[in-house]
Amino acid sequence: MSGGSHTPQHVFVGDIQGCADEFDELLARLGDSFGDEFVLHSVGDLVNRGPDNLRVLERMRELVAAGRGHHVLGNHEIALISVILGIRTLGERDTIGDVLESAEAPDWLEWLRGRPLVESGELPGQVYVTVHASVAPHWSAEDCVERGQAAAARLAGADLDDVRAFLAAPAAQAAADSERDALGRLVSCRSIRGEAWSSKEPLEADSEPWHRAWQRQAHDYGVVYGHWARQGLYLAPGLRGLDTGCVHHGRGRDGHLTAWLPAGDRPFDVPEPTLWQVPARRRYYPY
Ligand SMILES: [Mn+2]
């Protein structure tokens, strides 16, 4: 049990991507240690590339409904929404057929497009935001929340043609639409170059990881994020990057599901935080 504490244990988990067995193992361990006195925060990408997307979605939805789960949308949820809306076709590596073929696919569409892009709260001594990919370097915590809410409102709009236009906007047009720009930064961005952002890793000399520019701003809030399996676990003051590529197991490295259990005062400044890792059960990519 949680040592007599009256507050629940907060647990932040990286990209799950259909790795339902590993997610269930993590939930079972959390249940053994904390009963139902834990709150799970997902950085998004619950689905795709892995084998069992529906089961992961169902688990997360149950926790959210019970008031014990927070989930922000990742690029793979946006891809799933886009396929259901008919503005994206399935790629060779997409494994979201179990959701698409389910009788509840229309219901999943509605649930997913009602999810936030930014979750925020307060841990002892530190305000935090959870996003899938990045925040713009100059955004305050309030900016992150406001930008996320504005973009999420477009995604949740009643007119599906407006939603399609929002998601399908080409890059040139996206830069002129601040909500489309925010959506991209929140779910896809890895590198930035001045005002511009890219989902690519910062390979060129004039681009850099989004979080390096963010750190120069000396913000007083923490960011929990995922999306960057090749970077892997990233722990720095104010930053908790938790995508350790469970679904990428065997592609040149071991894959894990990683959960961070913040403890103590100013948990984003702790250099060696408590991490629980569940190793990938097998290789998920066929090559
Ligand atoms: Mn991602």
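Counting begins at 1 with the first residue of the sequence. In listed order, ligands and their atoms are each counted from 1.
For the pair NE2 of His132 and OD1 of Asn75, the angle whose vertex sits at the Mn ion (ligand 1) is 90° to 10 degrees.
In this structure, Trp214 has its ring center no closer than 6.0 Å to that of Tyr225.
For the pair His132 and Val72, the tightest heavy-atom approach, listed with the atom from each and the gap, is N-CG2, 3.9 Å.
The atom of Asp45 that is an N, O or S and sits closest to the Mn ion (ligand 1) is OD2. Among the heteroatoms counted here (N, O or S) of His227, ND1 is the one nearest to the Mn ion (ligand 1).
For the side chain to side chain donor-acceptor pair (under 3.5 Å) criterion with Glu201, the lone passing option out of Gln231, Arg190, Arg230 is Arg230.
In the hydrophobic clustering of ILVMFWY residues, with side-chain heavy atoms under 4.5 Å counting as a link, Ile96 and Trp108 come out together.
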